[in-house]
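The next block holds one structure in the form of structure tokens; read it before the comments.
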Amino acid sequence: MSILDLQQTLREKVRQTALEKFNVELEQVTTEVPPKTELGDLAFPIAFELAKRLKQNPRNIAETLKSALESFDFVGKVEVAGAGYLNVFYNRTKFLTENADKDFFKTSDENSPKVCVEHTSVNPNKAAHIGHVRNSVIGDTFVRILKANGKRVEIQNYIDNTGVQVADVVVGFVHLRKLNLAQIKELVENLEVPFDYYCWDLYTEVGKFYAKNEENKKLRAEVLHELEKGEGEIYELADFVATRNVECILRTMERFDIRYDLLPRESEILHLHFWQKAFELMKERGVIHLETEGKNAGCWVMPFDSHTANEEHEADKILVRSNGTVTYTGKDIAYQMWKLGLLGLDFNYKLFQTYADGKQVWITTAEKSEAGYIPEFGGSETVYNVIDTRQSYPQEVVKKGVATIFPEKGEAASVHLNYEMVALSPAAAEELGFQLSDEDKKRLFIEMSGRKGLGVKADDLIDRLEANAFNEVEARHKEISDDEKNLIAHQIAVGALRYFLLKFTKNTVVVFDFKEALSFDGETGVYCQYTAVRTNSIFRKLEENGLATAIKTVSDNPNDVAEIFDSGIGNDIWSMVALAFRLEETILQAALTTEPAILAKYNFNLAKAFNLFYHNHKIISEENAVKRAVLIVIADLTRRALTAGLQTMGIEVPERM
RNA sequence: GCGCCCGUAGCUCAGUGGAUAGAGCGUUCGGCUCCGAACCGAAAGGUCGCAAGUUCAAUUCUUGCCGGGCGUACCA
């Protein structure tokens, strides 16, 4: 019986007993983890609540509930503590013997309803920076969390290939560099820096070009117009540039072990008439109307009464501009409807690329779909959009819009998985070579800006981390090959960066600081990896079949095991077991609260607890056979929980480090 | 103006209607003949922004105020 099942059973018993003995129907039975192992494994503060309703002493109530729980065989004992806590102690021996070789994950159920996670969605006009990586890492980790909970997940990375940002870099190629498509193709062949780095710089040049003269922005409008047409030389040039950038960004993300199933493109939302269809539906259901007077005259707007209007802003959200073009939010509503299987139209698809292990990424196309097998995309039960909190307002419009057209689907199907931005500390900005104004120097943080070229590029950072890790590995393991050192350095770099981005809760602004991000000590992914490597090394040193023998020894000698748990070190080693078994509920909680940081904290605490355990107990050299077996089984449980927990964060455990 | 978020140790951050509010970094001290020291232990460090309210119980919930951030685009 798993911890989750056990908890559920105990909660049910409490509910039943409250009904039988006190005639009280409890809607929800809350539990908590006592602050110390000595106080038990699970606490019910329920007596406080009942005391109020029954006007009785909480301790007396707790005593009554106590006997009901004690009859259950997975429960060792129950104590009433403090003012009326009901503290449950699990039957440690039974628990350990029954779960010694437990698997930590549910297997993904192919028949369960599909959910969709959209993340990354970087504008394909420049290299990805650390802020984009926060998005991708949160998204990818959330995908892993859902899968660990048995969900079937489709991963989409939206490509805004016809938007303002792509138009700007096209302006750079055409009007600043004076290049045509053939010349750009030639440039790509001979470039010394990656193409997305080249675009990064060009994009900032375009920013300066616009700042110099407002007139220059007319060029952007011209390009945008060409992009909307969906044909012609400029369109093909833009398509080439955007596609090369998508390739670069996918390559960057692959370094972090982040992959996608589908790349839906904005151009297809337009050219396959997704928007027209959504527009018709919205008009039919009266969700939007044509404004005839005032500031928004000539626009199709969606009323949005949770915002109040003032002199500067109308409360309504414009979906179609007075010149007839659609806003991003409008297109997003159509896209969201498709994701939920509500639109009644589908994309055409072609294969974009195949990863080294054979996994495929597909992309949408306006042309006919490729012949042969095409996976089914879209039509998800629930959609999680991983987008930073600055886009809460348009996301709210999308959610409300879709729910108004399809009330049967409702708002709950669209989840904006929002998180705060990554900004730079003033010191980090200066380290990147940016001159700060006196005003900026006083700020707590400085927002990154693609337009200004202010940001830490993802590839630069991972390069630096890998170089540092390589040096550390070399200092410790002179004997291994450079290939292996490179692999380990890569795993460490990914571990460091992914953990760094996941240890902050979503609504904390990450103020990027090089020293912190590059650290391998303390609360880091590297610390967790090191601990896992250490646990593995115990098992390398152990005799053959050492683990199997230990498991057998433990199950054959319950009385001796019980004696160990009752001894002076009992609480100490049991707390290790209890923590390792908390992985499952941690992952469930992370899914329910859409908060991956919970998992990061758990992994760190588990690693920390193991390091302490490791220092306090000599495992291999322990002479008492049963005690040795118990220690081995616990070390094995811990390493499997830690490895699984890290894997769910997208962090691998190196062979050595 | 309105909406959302934040204010907890020197710094960066967790956390909870309830048991002694925690971690990392930094500082000081101690620990490798011993399963890996990218480690472990100890010490110091707190009016949980301020005030009122709800409650048996508030750092947590409510309201107001102060300070900071982000939105509130015919950008995304």
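Everything numeric in this text was worked out from a predicted model, so none of it was measured. Here is how names work: the chains are called A, B, and so on, in the same order as the sequence lines, proteins then strands, and each is numbered from 1. Below, each value reflects all heavy atoms present in this structure, side chains not excepted, and no hydrogens, waters or symmetry copies.
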Salt bridge present between [X] and [Y] (N-O < 4.0 angstrom):
X      : Y      : result
A:D513 : A:K515 : no
A:E523 : A:K608 : no
A:E439 : A:R443 : no
A:R628 : A:E543 : yes

Taking OP1 and OP2 of [N], is either one under 4.0 Å from a side-chain nitrogen or oxygen of [X]?
X      : N     : result
A:S537 : B:C35 : no
A:T505 : B:A14 : yes
A:Y328 : B:A76 : no
A:N611 : B:C40 : yes
A:R534 : B:C35 : no
A:T524 : B:A38 : no
A:K601 : B:G22 : no
A:Y527 : B:C40 : yes
A:R321 : B:C75 : yes

Closest to the [X] side chain: [options]?
X      : options             : result
A:F520 : B:C35, B:A38, B:C13 : B:A38
A:Q391 : B:A76, B:C35, B:G71 : B:A76
A:I318 : B:A38, B:G24, B:C74 : B:C74
A:H615 : B:G24, B:A38, B:G31 : B:G31
A:E516 : B:U12, B:A76, B:G69 : B:U12
A:L612 : B:C39, B:C75, B:G41 : B:G41
A:R443 : B:G69, B:A38, B:C35 : B:G69
A:N296 : B:C74, B:A38, B:C40 : B:C74
A:Y393 : B:A23, B:G15, B:U72 : B:U72
A:K608 : B:C74, B:G36, B:G24 : B:G24

Discussion item. Let's go through A:N571 and A:T37 carefully: what are the C-alpha distance in whole Å and the side-chain angles of both, what is the deciding distance for side-chain hydrogen bond (donor to acceptor under 3.5 Å, both in side chains) to 0.1 Å, and is it a yes or a no?
Written reply: CA-CA 6 Å; A:N571 284 333; A:T37 313; over 6 Å; no
Discussion item. Tell me whether A:E32 at atom CD has more than 12 heavy atoms from other residues, nucleotides or ligands lying less than 6.0 Å away.
Written reply: yes
Distance, rounded to the nearest Å, where [X] contributes [atom1] and [N] contributes [atom2]:
X      : N     : atom1 : atom2 : result
A:I61  : B:C56 : CD1   : P     : 15 Å
A:I538 : B:C34 : CD1   : P     : 16 Å
A:N123 : B:A76 : CG    : P     : 10 Å
A:N507 : B:A14 : CG    : C1'   : 12 Å
A:H416 : B:C5  : NE2   : P     : 13 Å
A:N125 : B:C75 : CG    : P     : 17 Å
A:D513 : B:G24 : CG    : C1'   : 14 Å
A:K331 : B:A76 : NZ    : C1'   : 10 Å

When you compare [N] with [M], how far apart are their [atom1] atoms, in angstrom units rounded to a whole number?
N     : M     : atom1 : answer
B:U16 : B:C5  : P     : 16 Å
B:G1  : B:G45 : P     : 42 Å
B:G3  : B:U62 : P     : 14 Å
B:C40 : B:G24 : C1'   : 15 Å
B:G46 : B:A23 : C1'   : 14 Å
B:C35 : B:C48 : C1'   : 42 Å

Indicate, yes or no, whether a donor-acceptor pair under 3.5 Å links the base of [N] to the side chain of [X].
X      : N     : answer
A:S322 : B:C74 : yes
A:R390 : B:A76 : no
A:N605 : B:A14 : no

Item to complete: Would you indicate what A:V533 reaches in the nucleic acid, counting non-hydrogen atoms under 4.0 angstrom: base, sugar-phosphate, or nothing?
Response: base
Worksheet item: ring-ring contact (aromatic ring centres under 6.0 Å, His included) with A:Y335: which of A:W275, A:Y158, A:F274?
Response: A:Y158
Counting Watson-Crick and G-U wobble pairs only, both distances under 3.5 Å, name the nucleotide matched with [N], or none.
N     : result
B:G3  : B:C70
B:G41 : B:C29
B:G22 : B:C13
B:A51 : B:U63
B:C34 : none

Item to complete: Would you check, one step at a time, whether the test side-chain hydrogen bond (donor to acceptor under 3.5 Å, both in side chains) holds for A:D160 with A:Y328?
Response: CA-CA 9 Å; A:D160 186 6; A:Y328 183 92; 5.1 Å; no
Response to the item:
On a heavy-atom basis, the closest approach of A:V80 and A:K66 is CG2-CD, 4.1 Å
Fill in: Within residues 487-496 of chain A, residues whose heavy atoms come under 4.0 Å of RNA chain B
A:I492
Item to complete: Describe, in one word, how the ring planes of A:F500 and A:F504 are oriented to each other, choosing from parallel (under 30°), tilted (30 to 60°) and perpendicular (over 60°).
Response: perpendicular
Discussion item. Is there a side-chain contact between A:H490 and A:V494 in this structure, where contact means two heavy atoms from C-beta onward sitting under 4.5 Å apart?
Written reply: yes
Practice prompt. Using a 4.5 Å cut-off on heavy atoms from C-beta on, say whether the side chain of A:L444 contacts that of A:V511.
Written response: no
Please write out each protein N/O paired with an N/O of nucleotides 58-62 of chain B under 3.5 Å, distance rounded to 0.1 Å.
none

Return a table of donor-acceptor pairs under 3.5 angstrom between the side chains of residues 415-424 of chain A and protein atoms on other chains or two or more places apart.
residue: A:H416; atom: NE2; partner: A:I387; partner atom: O; Å: 2.8
residue: A:N418; atom: ND2; partner: A:T389; partner atom: OG1; Å: 3.4
residue: A:Y419; atom: OH; partner: A:N135; partner atom: ND2; Å: 3.0

Worksheet item: Is the NZ or CZ atom of A:R534 positioned over A:F610's six-membered ring, under 6.0 angstrom from the centre and within 45° of the axis?
Response: no
